[in-house]
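We count residues from 1, following the sequence as given.
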Amino acid sequence: MTVTQDTPVADQGLFARTVGVLLSPRATYAAVAANPRVLGVLLVVLLVSGLAQGLFLSSEVGQQTALDQQVRSMEAFGINVTDQMYDQLEQGMKRAAITGPVFQAIFIPIVIAIESGIFLMIFSLLMGGAATFKHVYAVVAHSGVVVGLQQVFSMALSYVSGKAAGANLGVFVPMLDERHFVTLFLGSIDLFFVWATISLAIGLAVLYRRRTGPIATTMLALYVVIALAMALFRSGS
């Protein structure tokens, strides 16, 4: 099966598609659907994310911030961090500027492949859409441009503030304890991930010629449910 267009769609280069995902997603995803290309945009996402994380973790502030966040996460899951474990984490953090980007370079393409497989099964196999795995992978990979931008923003903000930070809704409840359910829930809602989810919904809608609203609503609702489940688990730990 192939994706056909009613009207010709102008081809777009890598730079135009990268910027277009942020500024004119519908037209950009139409170009991606007509001519699905993955490697270039995937390298851009990996390079931007890797550089942001690598530069952050090569600094003293970044290493300490990441270490503190790692310890808090382990404690939230009921793990008692001993002095020996802390020393091991601290030693590992000295290599994080290299291991972090390398892990991302391996992890991100796999996650995109898993997401693409799920969307292909839902829209192509179950709902009879006319698209291949390559088409879906290209759409998901292009939506990752927003996630790359989120990495740059959150790493820069974390470096300036000296603590793990991002564009999440937790900033609206500074009066509550960080382990409070509301704080944990709102802290799990990152505006960049909301943006990326909507962008991906637009891409899938263009690819499968469906309305964006229902797709975006379903995906955002699932995001909220996952955030609620995580907050409930962490607040009860």
Participant: Walk me through whether Phe56 and Thr65 qualify under side-chain contact (heavy atoms from CB on, under 4.5 Å).
Facilitator: CA-CA 10 Å; Phe56 178 67; Thr65 301; 4.0 Å; yes
Participant: Compare every heavy atom of Ala141 with every heavy atom of Val41, then report the nearest pair and how far apart it is.
Facilitator: CG1-CB, 4.0 Å
Participant: Counting only heavy atoms not in Asp83, do more than 12 sit closer than 6.0 Å to its CG atom?
Facilitator: no
Participant: Taking a hydrophobic cluster as the set of Ile, Leu, Val, Met, Phe, Trp and Tyr residues connected by side-chain heavy atoms closer than 4.5 Å, whether directly or through intermediates, do Phe153 and Leu22 fall within one such cluster?
Facilitator: yes
Participant: Test your reading of the model: is there a side-chain donor-acceptor pair from Ser116 to the backbone of Ile112, 3.5 Å cut-off?
Facilitator: yes
Participant: Do Phe181 and Leu228 pass the side-chain contact (heavy atoms from CB on, under 4.5 Å) test, and can you show the C-alpha distance, the side-chain angles, and the key distance before you say yes or no?
Facilitator: CA-CA 9 Å; Phe181 168 75; Leu228 278 170; 3.6 Å; yes
Participant: Same cluster or not: Ile118 versus Met127, using hydrophobic residues (I, L, V, M, F, W, Y) connected whenever any side-chain heavy atoms lie under 4.5 Å apart?
Facilitator: yes
Participant: If every non-hydrogen atom of Pro109 is compared with every non-hydrogen atom of Tyr137, which pair is closest and at what distance?
Facilitator: O-OH, 3.1 Å
Participant: Indicate yes or no: at least one non-hydrogen side-chain atom of Tyr223 is less than 4.5 angstrom from one of Asp190.
Facilitator: yes
Participant: Determine the minimum heavy-atom distance between Met155 and Ala52, stating which atoms define it.
Facilitator: CG-O, 3.8 Å
Participant: Run the side-chain contact (heavy atoms from CB on, under 4.5 Å) check on His135 and Thr132 step by step: do they pass?
Facilitator: CA-CA 5 Å; His135 287 96; Thr132 65; 2.7 Å; yes
Participant: Hey, what do you get for CG (Leu23) to OG1 (Thr18), rounding to the nearest 0.5 Å?
Facilitator: 11.0 Å
Participant: What pair of heavy atoms forms the shortest contact from Lys134 to Pro36, and how long is it?
Facilitator: CE-O, 3.2 Å
Participant: Distance check, rounded to the nearest 0.5 Å: Gln104 atom CD versus Ser49 atom OG?
Facilitator: 5.0 Å
Participant: To the nearest 0.5 Å, what is the distance between CG on Leu149 and CH2 on Trp195?
Facilitator: 5.5 Å
Participant: Heavy-atom count around Leu47 CG within 6.0 Å, excluding the residue itself: above 12?
Facilitator: yes
Participant: Identify the two heavy atoms, one from Met74 and one from Leu89, that lie closest to each other, and give their separation to 0.1 Å.
Facilitator: SD-CD1, 3.8 Å
Participant: Is it the case that one hydrophobic cluster holds both Val146 and Phe107, taking links as side-chain heavy atoms less than 4.5 Å apart, direct or via other members?
Facilitator: no
Participant: Heavy atoms, side chains only, cut-off 4.5 Å: are Phe123 and Arg210 in contact?
Facilitator: yes
Participant: Going by heavy atoms in the side chains, are Val45 and Val145 under 4.5 Å from each other?
Facilitator: yes
Participant: Could you go step by step and tell me if Thr28 and Gln12 meet the side-chain contact (heavy atoms from CB on, under 4.5 Å) rule?
Facilitator: CA-CA 8 Å; Thr28 302; Gln12 294 185 3; 3.8 Å; yes
Participant: Please determine whether residues Phe193 and Leu157 belong to a single hydrophobic cluster, defined as Ile, Leu, Val, Met, Phe, Trp and Tyr linked transitively by side-chain heavy-atom distances below 4.5 Å.
Facilitator: yes
Participant: Quick check: do Ile215 and Arg211 have side-chain heavy atoms less than 4.5 Å from each other?
Facilitator: no
Participant: Decide if atom CE of Met230 counts as having more than 12 heavy atoms of other residues, nucleotides or ligands within a radius under 6.0 Å.
Facilitator: no
Participant: Using side-chain heavy atoms (C-beta onward) and a distance below 4.5 Å, is Phe133 in contact with Ser124?
Facilitator: no
Participant: What are the two closest heavy atoms between Leu200 and Tyr29, and how far apart are they?
Facilitator: N-OH, 4.3 Å
Participant: Taking the side chain as everything from C-beta on, heavy atoms only, tell me whether Arg37 gets closer than 4.5 Å to Asp11.
Facilitator: yes
Participant: Would you compute the distance between atom CD of Gln64 and atom CG of Leu57 and round it to the nearest 0.5 angstrom?
Facilitator: 12.0 Å
Participant: Hey, could you give me the OG/CG distance between Ser188 and Leu184, rounded to the nearest 0.5 Å?
Facilitator: 6.5 Å
Participant: How long is the gap from CZ on Arg17 to OG on Ser24, to the nearest 0.5 Å?
Facilitator: 12.5 Å
Participant: Would you indicate whether the side-chain heavy atoms of Leu46 and Ile108 approach each other to under 4.5 Å?
Facilitator: yes
Participant: Do Leu169 and Leu191 have side chains that get closer than 4.5 Å, going by heavy atoms?
Facilitator: yes
Participant: Should Leu232 and Phe185 be counted in the same cluster of Ile, Leu, Val, Met, Phe, Trp and Tyr side chains packed under 4.5 Å apart?
Facilitator: yes
